[in-house]
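Residues take their numbers from the sequence shown, with the count starting at 1. Computed from a prediction, not measured in an experiment: that's the story for all the values here.
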Amino acid sequence: MASTDANILLSDQHSKQLLPNTVLELIFGAFGVSGNSIVLLMYTRFITDKSGTRYFIPILALVDLTGCVSSVTSFYLDNTMGYVYPSANLCKIMMFLIIISGGFSAHLIFAIALQRYLLICRPFGQQMTQAYRRIAVLAIFLFSLGYAAPFLKFAGLRETSKLYTEGNDTREISVSFCYFDDGSYGSPVMVPYFAALLLLSFINIIVTSGLYIPVTRTIYRTLSPFNRAAYWTNHLKNGETTVTSLDDQNTLSEIPRQDLPVMQSCPEPQISSSSSFERVTPETSQEDLTKTTNCSDSQNTVTICQESNRKQQTRRKLSIMFLLIIIVYVLSYLTSLVTQIYTFATEPNLTGYRLNIYALFLRINLLNHIANPYIYWFYDVKFRGELNKLCCRSLRENSSNIK
C-alpha cells in the first residue's frame with residue numbers, strides 16, 4: 001500500500017476516535033457564531049452607549065466571532081484531516097488567527113477589568129475616557145499582532161512517524177500534521193518564544209484577576225444583607241458623596257448633594273399621595289402647610305432614592321456580568337495552558353475517551369469566545385430588552401405578511 005493511502009486511512013482512524021469531540025466543537029461553534037453575531041447586531045444598530053460603560057462589548061464580540069470561526073475551523077481540520085492536512089499556508093493562517101484573536105480577547109478583558117476597577121473603586125479619580133478607550137483598543141491590537149505574526153513564519157506542517165497497523169502487518173509511516181512549530185527553527189528559538197507566550201498569558205490572567213478582586217469585594221458589600229446598612233452608613237453619612245457603588249461621575253452630578261439618601265432603604269411617606277395636592281385655602285393653618293410641604297419633600301426624597309437605587313442595581317448587574325466574563329476567561333485559559341504545558345512535558349499518547357477528554361481540555365479556551373453573549377443576555381437588562389423588542393417586532397412583521 002502506498003504511503004499516501006496509509007496516511008488517509010490513519011487520518012480516518014484518528015477522525016473516528018475524535019468524532020465526539022468534533023460534534024461537540026461544532027455545536028459550540030454554532031452557539032458562538034450566532035451569539036456573537038446577535039451582540040454585534042444589537043450594539044451597532046439598536047443600543048446606544050453614551051457613558052462608555054459598554055464600549056468594549058461590541059469590539060469583544062467581533063474578536064470572539066473571529067476567534068470562534070477560526071478555532072472551530074482549525075479544530076475540525078485537525079480532527080478530520082490530521083495527517084492529510086490541505087496545505088502549510090492554511091495551517092499558518094489558522095494558527096495566526098487563533099493566537100491573535102485569543103490574545104486580543106484576553107487583553108480586552110483586562111481593559112474591561114481596569115475600567116470597572118476605576119469606575120467602582122476609584123469613582124472620583126481619573127477614568128477611561130473615550131480617547132483612552134480607543135487608544136487602548138489600538139494598543140491591544142498592535143500588541144497582539146506583534147506576538148501573533150511570528151506564527152505566519154513558525155507554523156506549518158511538521159513531519160513525524162506513526163505506527164500503522166493493517167491486519168497482522170504493523171509498520172512505521174511518515175506523516176505530517178499542522179503544528180505551531182514546523183521544526184525548522186529548533187529549540188533555541190521556539191522554547192524562549194513559547195515560554196514568553198505562556199508567561200504573558202499567566203501575567204494577563206493574574207493582573208486581570210487582581211484588578212477585579214476589589215471590585216468583587218465592593219459588590220459583595222453592597223449586596224450582602226449583613227454589610228449593606230453599615231456600608232451605606234459609612235459612605236453616605238453626613239451628606240458625603242463617596243459612593244463606591246456608583247460608577248459614573250456624570251450620574252452623581254444628576255443628584256444634588258443634599259438629596260443623596262443617608263441609607264439605601266427609601267423612606268416611606270406618612271400620608272397618602274393625594275394629601276400633597278389638596279387645595280390650599282386662606283383658612284389653611286401654618287401647621288397644615290408645613291405638613292403638606294414635608295409630605296412633598298418626603299415624596300421627592302422617595303423618588304430620588306428609588307431612581308438612585310435603580311441605577312445602582314443596574315451598575316451592580318453590569319459589574320457582576322463583567323465578573324462572570326472574567327471568571328470564564330480565567331478558568332478556560334488556565335485549563336488550556338496547563339494542558340499545553342502537560343503536552344510539552346510528556347507528549348501523551350492517548351486513545352479512545354481519554355483522547356477526547358484531552359482534546360476538550362486542550363481547546364477549552366474556545367469557551368471564552370462563546371459564553372459572553374449569553375452572559376450579556378442574562379445580566380444586561382438593556383441588551384435583553386432591546387433584543388426582546390427586536391424579536392417581537394420581527395414576529396409581528398412575519399404575522400402581518402402571512403395575513
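Note: F141 and F104 have tilted aromatic rings, judged against thresholds of 30 and 60 degrees for the angle between ring planes. Between F177 and Y83, the ring-plane angle classifies as perpendicular under the 30° and 60° cut-offs. Classified by interplanar angle (parallel below 30°, tilted 30° to 60°, perpendicular above 60°), the ring pair F154/Y185 is perpendicular.
The two atoms that bring G67 and S101 nearest to each other are CA-OG, 3.2 Å, heavy atoms only. When all heavy atoms are compared, the tightest approach of S11 to G82 is OG-N, 3.4 Å. Taking every heavy atom of both residues into account, M128 and L118 meet most closely at CG-CD1, 3.9 Å. Nearest approach of L355 to L18, heavy atoms of both residues: CG-CD2, 3.7 Å. What you find for S37 and V33 is that their closest heavy atoms are OG-O, 2.6 Å. Here the closest non-hydrogen pair linking R54 and P58 is O-CD, 3.3 Å.
Shown here are the side-chain contact (heavy atoms from CB on, under 4.5 Å) partners of L19, two or more places apart in sequence or in another chain: V23. Judged as a side-chain contact (heavy atoms from CB on, under 4.5 Å), and not counting sequence neighbours, the contacts of P214 are Y117, C121, R217.
Checking side-chain atoms of K92 against main-chain N and O of A155 turns up a donor-acceptor pair under 3.5 Å. At least one donor-acceptor pair under 3.5 Å links the side chain of S144 to the backbone N or O of I140. Side chain of S336 to backbone of S332: no donor-acceptor contact under 3.5 angstrom is found. Looking at D64, its side chain never comes within 3.5 Å of a backbone N or O of I370 through a donor-acceptor pair. Remark: the backbone N or O of T335 is paired with a side-chain donor or acceptor of T339 at under 3.5 angstrom. Of the possible polar contacts, none joining the E25 side chain to the Y76 backbone as a donor-acceptor pair under 3.5 Å is found. In this structure a side-chain-to-backbone donor-acceptor pair under 3.5 Å is present from S34 to A30. Proximity of a side-chain donor or acceptor of Q115 to a complementary backbone N or O of G52 within less than 3.5 Å is detected. Judged by distance alone, the side chain of Y333 and the main-chain N or O of A106 form no donor-acceptor pair under 3.5 Å.
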I'd like to know whether N204 forms a side chain to side chain contact (heavy atoms under 4.5 Å, CB included) with H107, so could you lay out the CA-CA distance, the side-chain angles of the two residues, the decisive distance to 0.1 Å, and finally the verdict. CA-CA 7 Å; N204 197 84; H107 301 323; 2.8 Å; yes

Decide side chain to side chain contact (heavy atoms under 4.5 Å, CB included) for I325 and I112; before the verdict, give the C-alpha distance in whole Å, the side-chain angles of both, and the deciding distance to 0.1 Å. CA-CA 10 Å; I325 291 173; I112 290 172; 5.5 Å; no

Are L119 and R116 close enough, and set up right, to give a side chain to side chain contact (heavy atoms under 4.5 Å, CB included), and what steps lead you there? CA-CA 5 Å; L119 289 172; R116 299 311 296 180; 3.8 Å; yes

Between N368 and S105, is a side chain to side chain contact (heavy atoms under 4.5 Å, CB included) present by the stated rule, with each step listed? CA-CA 8 Å; N368 180 59; S105 177; 3.0 Å; yes

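With a 4.5 Å cut-off on side-chain heavy atoms, D182 and L157 do not count as touching. Residues F75 and N21 are not in side-chain contact: their nearest non-hydrogen atoms beyond the backbone lie 4.5 Å or more apart. In this structure, L41 and L390 have side chains that are in contact, with non-hydrogen atoms separated by less than 4.5 Å. Using a 4.5 Å heavy-atom cutoff, the side chains of I38 and F383 are in contact. Side-chain atoms of M321 and I57, non-hydrogen and from C-beta on, do get closer than 4.5 Å to each other. R134 places a side-chain heavy atom less than 4.5 Å from the side chain of Y55. With contacts defined as side-chain heavy-atom distances shorter than 4.5 Å, the pair I326/F110 does not qualify. The closest side-chain heavy-atom distance from R363 to S71 is not below 4.5 Å.
In this structure, CZ in F46 is found 8.0 Å from OG1 in T44, a value given to the nearest 0.5 Å. The distance from atom NZ of K16 to atom OG1 of T22, rounded to the nearest 0.5 Å, is 13.5 Å. Between L197 atom CG and I99 atom CD1 the span is 6.5 Å, to the nearest 0.5 Å. The structure places CD1 of I205 at 4.0 Å from CG of L334, a figure rounded to the nearest 0.5 Å. The line from CG of L337 to CG of L199 is 11.0 Å long, rounded to the nearest 0.5 Å. Atoms CZ and OH, on F56 and Y43 in that order, are 13.5 Å from each other to the nearest 0.5 Å.
Heavy-atom neighbours of Y193 OH from other residues, nucleotides or ligands within 6.0 Å: above the threshold of 12. Atom OH of Y147 has more than 12 heavy atoms from other residues, nucleotides or ligands within 6.0 Å.
In this structure, a donor-acceptor pair under 3.5 Å is absent between the side chains of S87 and N89. No hydrogens or angles considered: a donor-acceptor pair under 3.5 Å links the side chains of T343 and Y358.
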